[in-house]
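To start, the structure under review is shown below, and the notes come after it.
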Amino acid sequence: IATKDKVDRRLKEMAREIIARYKQKDPLFVCLLRGGAPFTTKLLFEVAAQAPDFHPELDYLTVKTYSNQLTSKTPEVVMDLAPDTITEGRCIIILDDILDEGHTATFVTKHLLKHGAAAVDLVVLVQKQKDRSTYPAASLYGFEASDGWIIGMGMDDPRVKKEAHRWDDYIGITTTN
């Protein structure tokens, strides 16, 4: 789908868009672990490089959505935001590797709104091209992909090995059975 150079170029563009949209809103960025970590790290380094006075605030949330790593189930919070993180009245930007079926994004959005968020946006590296009744589209995405098993930049392939390909610096589609 995208080489390292293409990913890096798109992250620079996404950083510019994030700065333009959110710099004056005191946003809270929430990285969904573990898949969102590589994307979030590279994206926020780029934001800081382009706007040294922005100072993005970041917290982490771990949500379990896959029972056996291959099929989805009802999402549940495994690790919530830090107790001292202020969410009340803020614009919160969820950062994740991929928008697939939308179950996790819907669950996390509702969770953050219950915590008092004024608004919740979703920013992902990859948005799958499919009809989603639960979460139609991300607010901002880097790439679109057809329905297949996507790897790299946070997206792993547990069929190969736990964490396989998560830290690859490109995005690909695997044909592993």
Side-chain angles (χ1 to χ4, degrees), residues 1-18 29-47 49 56 58-79 92-112 120-177:
I1 293 175
T3 63
K4 177 193 181 308
D5 289 341
K6 194 171 180 180
V7 169
D8 290 344
R9 279 193 306 276
R10 182 63 184 127
L11 289 177
K12 286 180 188 298
E13 294 166 1
M14 291 178 76
R16 279 192 295 277
E17 291 178 55
I18 285 171
F29 293 90
V30 173
C31 172
L32 298 187
L33 294 176
R34 287 187 289 235
F39 165 59
T40 297
T41 301
K42 287 188 86 168
L43 179 65
L44 291 185
F45 268 119
E46 189 58 43
V47 167
L58 175 65
D59 202 342
Y60 302 89
L61 185 67
T62 303
V63 176
K64 184 175 182 179
T65 307
Y66 293 91
S67 56
N68 63 4
Q69 303 254 351
L70 298 174
T71 57
S72 63
K73 65 178 192 78
T74 303
E76 63 180 286
V77 173
V78 175
M79 182 187 77
I92 299 180
I93 299 101
I94 302 166
L95 299 173
D96 202 4
D97 53 357
I98 191 165
L99 175 60
D100 192 348
E101 297 292 333
H103 301 299
T104 303
T106 299
F107 175 81
V108 171
T109 297
K110 289 178 183 176
H111 179 74
L112 294 171
V120 179
D121 288 346
L122 175 66
V123 174
V124 297
L125 183 60
V126 176
Q127 176 170 278
K128 282 198 176 178
Q129 300 166 330
K130 59 172 50 177
D131 291 330
R132 281 178 287 276
S133 59
T134 56
Y135 207 102
S139 302
L140 177 63
Y141 61 89
F143 302 93
E144 282 192 311
S146 60
D147 200 18
W149 197 273
I150 312 298
I151 58 169
M153 285 296 300
M155 296 161 279
D156 66 340
D157 189 350
R159 301 170 301 176
V160 174
K161 185 178 183 202
K162 185 176 181 175
E163 300 290 311
H165 301 292
R166 185 179 307 279
W167 293 98
D168 292 347
D169 57 5
Y170 62 88
I171 304 166
I173 297 178
T174 184
T175 56
T176 304
N177 293 330

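FYI, side chains are in, hydrogens and waters are out, and symmetry mates aren't considered; it's all heavy atoms of this structure.
- With respect to Glu101 and Lys130, a salt bridge is recorded, a charged nitrogen being found less than 4.0 Å from a carboxylate O.
- The distance from atom CE of Met79 to atom CG of Leu61, rounded to the nearest 0.5 Å, is 7.0 Å.
- Salt bridge absent: Lys12 and Asp8 never bring a charged side-chain N and a carboxylate O closer than 4.0 Å.
- The nearest pair of heavy atoms linking Phe39 to Leu11 is CE1-CD2, 3.5 Å.
- The pair Glu46-Arg10 fails the salt-bridge criterion, with no side-chain N (NZ, NE, NH1 or NH2) lying under 4.0 Å from an Asp/Glu carboxylate O.
- The backbone N or O of Thr106 sits nowhere less than 3.5 Å from a side-chain atom of Thr134 that would complete a donor-acceptor pair.
- Here the closest heavy-atom approach between residue Ala105 and residue Leu99 is recorded as CB-CD1, 4.1 Å.
- In this structure the side chain of Thr174 never reaches within 4.5 angstrom of the side chain of His165, judged on heavy atoms.
- Shortest non-hydrogen contact noted between Tyr135 and Asp121 is OH-C, 4.4 Å.
- Taking OG1 of Thr104 as the start and CG of Leu32 as the end, the distance is 7.5 Å to the nearest 0.5 Å.
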*Between Ser133 and Asp131, does a side-chain contact (heavy atoms from CB on, under 4.5 Å) hold up when you go through it step by step?*
CA-CA 7 Å; Ser133 59; Asp131 291 330; over 6 Å; no
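- To the nearest 0.5 Å, the span separating CD1 on Ile93 from OG1 on Thr40 amounts to 11.5 Å.
- Distance check: Met155 CE to Leu125 CG gives 5.0 Å after rounding to the nearest 0.5 Å.
- Here the closest non-hydrogen pair linking Ala138 and Gln127 is N-OE1, 2.7 Å.
- Minimum heavy-atom separation, Val124 to Ile98: CG1-C, 4.1 Å.
- To the nearest 0.5 Å, atom CD1 of residue Ile171 and atom CD1 of residue Ile150 are 8.5 Å apart.
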*Given side-chain contact (heavy atoms from CB on, under 4.5 Å), test Phe29 with Val47 step by step and report yes or no.*
CA-CA 12 Å; Phe29 293 90; Val47 167; 5.8 Å; no
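- In terms of heavy-atom proximity, Pro38 sits nearest to Arg166 at CG-O, 3.8 Å.
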Below 3.5 Å, can you tabulate the donor-acceptor pairs from side chains in residues 139-146 to any protein atom, sequence neighbours excluded?
{"residue": "Ser139", "atom": "OG", "partner": "Leu122", "partner atom": "N", "Å": "3.4"}

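- Here CG of Asp169 is found 5.5 Å from NZ of Lys42. Values are rounded to the nearest 0.5 Å.
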*Would you please test Glu17 and Val123 for side-chain contact (heavy atoms from CB on, under 4.5 Å) and show each step?*
CA-CA 11 Å; Glu17 291 178 55; Val123 174; over 6 Å; no
*Applying side-chain contact (heavy atoms from CB on, under 4.5 Å), run through Arg34 and Asp156 and close with a yes or a no.*
CA-CA 10 Å; Arg34 287 187 289 235; Asp156 66 340; over 6 Å; no
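- Without hydrogens or angle criteria, Asp168 side chain to Tyr170 main chain gives no donor-acceptor distance under 3.5 Å.
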